[in-house]
Amino acid sequence: ALVDYSGETAVLAIMNDTKMVMIDKREPPSQIRASPFIGLRFPATATSNGKALLAWMPEERVSEIMQIEGLPAATRHSITKPSLYRADLAATRERGYAIDREEFQEGVSGVSAPVFTPKGLVIATISIAAPAFRMTEESVRKYGEKCMEAAAQLSAQLR
């Protein structure tokens with residue numbers, strides 16, 4: 001449904017240790033698209049998927065992951081200062097979804113929303129990834145809301 005709505009790639013990711021892992025994706029038919037591969041592992045601190053998970057984790061776990069993974073400067077857009085990263089996590093909680101503006105890979109942006117267990121633990125993320133030039137402020141907002149809807153539906157199915 002996210003691919004049909006956005007025309008962009010939809011991804012389901014989980015955390016394994018301190019890394020995010022892409023476990024499923026659906027791609028649009030367009031030739032220009034974000035195309036992460038299933039099984040891709042990346043630092044939890046590097047993308048909207050990781051931020052969507054970390055924003056709802058206990059602070060001590062976030063600190064542990066930040067210490068292990070650091071805040072790598074994968075691109076010139078990466079958030080590398082802990083205070084700015086924590087502010088971004090706070091904004092994510094307030095907004096309900098995380099935003100990655102070319103922070104992990106130049107030319108690729110994304111929005112992600114958290115999936116919760118019946119006990120309220122965050123366990124996965126659903127995201128839309130797209131070429132950065134198509135990720136306007138308006139599309140970020142719309143896609144973020146759609147990701148939150150999809151994540152809420154998936155969370156409800158876990159009950």
Side-chain angles (χ1 to χ4, degrees), residues 2 8-25 34-130 132 135 137 139-159:
L2 289 175
E8 305 295 354
T9 301
V11 173
L12 179 65
I14 60 169
M15 183 176 278
N16 181 293
D17 195 23
T18 63
K19 303 274 190 211
M20 293 301 296
V21 182
M22 305 259 177
I23 61 170
D24 200 6
K25 72 173 178 176
S35 188
F37 62 90
I38 293 175
L40 176 65
R41 294 173 55 87
F42 49 89
T45 56
T47 68
S48 66
N49 293 287
K51 287 193 269 186
L53 216 66
L54 292 172
W56 279 272
M57 287 187 150
E59 177 55 37
E60 57 276 358
R61 181 68 174 137
V62 173
S63 293
E64 176 186 0
I65 291 168
M66 286 176 67
Q67 183 176 2
I68 293 167
E69 292 296 332
L71 294 172
T75 73
R76 61 190 170 95
H77 305 284
S78 299
I79 301 172
T80 58
K81 293 185 179 184
S83 60
L84 294 177
Y85 191 80
R86 287 183 189 283
D88 196 12
L89 294 181
T92 294
R93 279 189 301 277
E94 185 175 316
R95 195 175 38 244
Y97 59 90
I99 303 168
D100 163 5
R101 298 186 187 283
E102 299 182 79
E103 294 164 37
F104 180 63
Q105 183 177 358
E106 289 283 343
V108 178
S109 291
V111 295
S112 301
V115 176
F116 297 95
T117 68
K119 292 186 178 186
L121 301 174
V122 61
I123 59 162
T125 62
I126 293 179
S127 62
I128 294 175
M135 241 349 158
E137 289 298 320
S139 61
V140 164
R141 186 190 57 74
K142 291 188 329 186
Y143 297 168
E145 290 172 4
K146 280 296 184 185
C147 283
M148 288 186 340
E149 289 174 19
Q153 290 171 0
L154 183 54
S155 296
Q157 291 176 10
L158 298 175
R159 299 189 193 290

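Everything numeric in this text was worked out from a predicted model, so none of it was measured.
Partners of Glu64 under the side chain to side chain donor-acceptor pair (under 3.5 Å) rule, at least two apart in sequence or in another chain, are Arg61. With sequence neighbours left out, the salt bridge (Lys or Arg N to Asp or Glu O under 4.0 Å) criterion links Arg86 to Glu59. Residues meeting the ring pair (Phe, Tyr, Trp, His ring centres under 6.0 Å) test with Phe104, sequence neighbours left out: Phe42. A search for side chain to side chain contact (heavy atoms under 4.5 Å, CB included) contacts involving Leu121 returns Thr117, not counting sequence neighbours. In this structure Thr18 satisfies the side chain to side chain donor-acceptor pair (under 3.5 Å) test together with Glu69, sequence neighbours excluded. Glu137 is linked by a salt bridge (Lys or Arg N to Asp or Glu O under 4.0 Å) to Arg101, counting only residues two or more places apart in sequence or in another chain.
Put simply, the side chain of Lys25 never gets that close to the backbone of Ile38: no donor and acceptor are under 3.5 Å apart. Formation of a donor-acceptor pair under 3.5 Å by the Thr45 side chain with backbone atoms of Leu71 is not found in this model. Between the side chain of Asp100 and the backbone N or O of Glu102 there is at least one donor-acceptor pair closer than 3.5 Å. Looking at Ser112, its side chain does come within 3.5 Å of a backbone N or O of Asn49 through a donor-acceptor pair. In this structure a side-chain-to-backbone donor-acceptor pair under 3.5 Å is missing from Arg41 to Val21. Listed for the Ser127 side chain is no donor-acceptor partner under 3.5 Å among the backbone atoms of Ala129.
Nearest heavy atom pair, residue Met135 against residue Tyr143, reads SD-CD1, 3.8 Å. Pro72 and Pro43 get closest at one heavy-atom pair: CG-CG, 4.3 Å.
The side-chain heavy atoms of Val115 and Ile126, taken from C-beta on, include a pair separated by under 4.5 Å.
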